[in-house]
Amino acid sequence: MGTIITTPVIADDASTSADTAQKLQDLQIEIASKAATIKNQVTQKIDNKAFIGIITSKTDSQIELKLADGTSQIVLINTFTDITYQSTKLTKSILKDDYIAALGEMDDKNNLVAKRLVKLTPRDSNITDQVWGKITTISSPNFVLALKDSSKLSVYTNNSTTFELGNEEVEASRLENNKMVVIIGVKNDQRFNARFVYIVPSGTIIKPSSTKTASSSAKK
């Protein structure tokens, strides 16, 4: 009988190695994609901010604001955008030439996607400045505000100052440390005399910004 010689089957190491390398590469791509998504979400939160200005045009889906420095800002609105009013005497609508504060998130086209619009009372030539930031210290009814550049601003209020939280006019006692606020009034060095203080409700995030000159004002 002849001799039968068998040859052992040897696994294709090169093929297995290639498959493993491809799986690792796919995993790295998936991880990078998830990381990019998380980074984008974080960036959006960081870019949340507020703008104050006069409405120059309005449609059902967007508003164009003229800001204090003369530039324009597109504000996108939808059925989820809350609208509040600084005074019960204001017309319950948002129209061209209204003076508003818009709070929300910036999208990738540099438009503000508004979470909330606050209709403010008309222009007062004596009220020229606006600022927003985080409360760090309270000595009721006055408080200290931390601005974007980490500087501190002392904010002073009086009987003419209006405080609003969400849809309600409130007292200065509703001020809390670490709350974000939008303020309109007159700035003198590191002292700010406030005429309107809007306390941003929890869950609405805006980015603090430095003081700007406003083209319209809060209520007297």
Side-chain angles (χ1 to χ4, degrees), residues 32-87 90-123 127-134 145-150 164-167 178-185 187 196-218:
S33 177
K34 289 181 179 179
T37 300
I38 293 172
K39 181 179 179 181
N40 183 55
Q41 291 172 344
V42 171
T43 300
Q44 284 185 336
K45 290 183 179 180
I46 293 174
D47 285 343
N48 291 348
K49 59 171 59 180
F51 291 100
I52 300 176
I54 297 174
I55 297 175
T56 56
S57 65
K58 178 182 180 294
T59 67
D60 290 338
S61 60
Q62 75 175 44
I63 288 170
E64 184 173 355
L65 282 183
K66 181 179 180 181
L67 307 181
D69 59 5
T71 61
S72 295
Q73 175 63 46
I74 297 298
V75 177
L76 304 181
I77 55 177
N78 53 50
T79 55
F80 299 104
T81 304
D82 290 330
I83 300 176
T84 62
Y85 301 85
Q86 179 191 344
S87 169
L90 290 172
T91 304
K92 297 300 185 286
S93 60
I94 299 294
L95 303 171
K96 184 178 180 293
D97 296 325
D98 281 346
Y99 178 45
I100 69 168
L103 297 80
E105 299 178 345
M106 301 303 293
D107 66 11
D108 57 1
K109 296 181 180 178
N110 206 36
N111 298 322
L112 181 77
V113 181
K115 292 182 177 180
R116 185 179 299 271
L117 302 179
V118 183
K119 184 173 180 179
L120 307 172
T121 52
R123 176 186 301 184
I127 308 299
T128 57
D129 299 302
Q130 65 190 46
V131 67
W132 49 88
K134 180 182 291 186
L145 205 63
L147 306 180
K148 177 184 177 182
D149 59 4
S150 298
E164 184 176 303
L165 172 61
N167 295 307
N178 298 317
K179 281 284 189 180
M180 298 295 298
V181 290
V182 177
I183 307 171
I184 300 173
K187 184 176 183 293
F196 173 60
V197 178
Y198 180 77
I199 306 167
V200 180
S202 299
T204 303
I205 307 172
I206 62 174
K207 179 182 178 182
S209 177
S210 56
T211 304
K212 296 181 180 179
T213 301
S215 53
S216 36
S217 73

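Just so it is clear, the model here is predicted, and its values are computed rather than measured.
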> Is there a donor-acceptor pair closer than 3.5 Å between any side-chain N or O of Thr81 and the backbone N or O of Ala114?
Replying inline: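 Yes, because the side chain of Thr81 sits within donor-acceptor range (under 3.5 Å) of the backbone of Ala114.
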>> Donor-acceptor check, side chain of Lys119 to backbone of Ser93, threshold 3.5 angstrom: yes or no?
In response: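 Yes.
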What residues, two or more places apart in sequence or in another chain, satisfy side chain to side chain contact (heavy atoms under 4.5 Å, CB included) together with [X]?
X	answer
Asn178	Lys134
Thr71	Leu67, Asp69
Val113	Leu76, Asp107

Check: [Y] and [X] side chains under 4.5 Å, non-hydrogen atoms:
X	Y	answer
Lys115	Leu103	no
Val131	Lys187	no
Ile52	Ile184	yes

Can you tell me how far apart [atom1] ([X]) and [atom2] ([Y]) are? Round to the nearest 0.5 Å.
X	Y	atom1	atom2	answer
Ile199	Ile183	CD1	CD1	9.5 Å
Arg116	Ile83	CZ	CD1	10.5 Å
Asp97	Lys66	CG	NZ	10.5 Å
Asp98	Lys58	CG	NZ	9.5 Å
Asn111	Met106	CG	CE	7.0 Å
Ser61	Ile77	OG	CD1	7.0 Å

>> Quick one, Val118 with Val182, criterion side chain to side chain contact (heavy atoms under 4.5 Å, CB included). Give me CA distance, side-chain angles, the key distance, then yes/no.
In response: CA-CA 10 Å; Val118 183; Val182 177; over 6 Å; no
Compare every heavy atom of [Y] with every heavy atom of [X], then report the nearest pair and how far apart it is.
X	Y	value
Ala102	Leu65	CB-CD1, 4.4 Å
Asn110	Gln73	O-NE2, 3.0 Å
Trp132	Phe51	CH2-CA, 4.3 Å
Leu95	Ile55	O-CD1, 3.4 Å

> For Leu117 and Val75, what are the C-alpha separation, side-chain angles and deciding distance, and is it a side chain to side chain contact (heavy atoms under 4.5 Å, CB included)?
Replying inline: CA-CA 10 Å; Leu117 302 179; Val75 177; 4.3 Å; yes
> If you count the non-hydrogen atoms of other residues, nucleotides and ligands that lie under 6.0 Å from CG in Asp60, is the total more than 12?
Replying inline: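 No - once you tally the heavy atoms of other residues, nucleotides and ligands closer than 6.0 Å, there are 12 at most.
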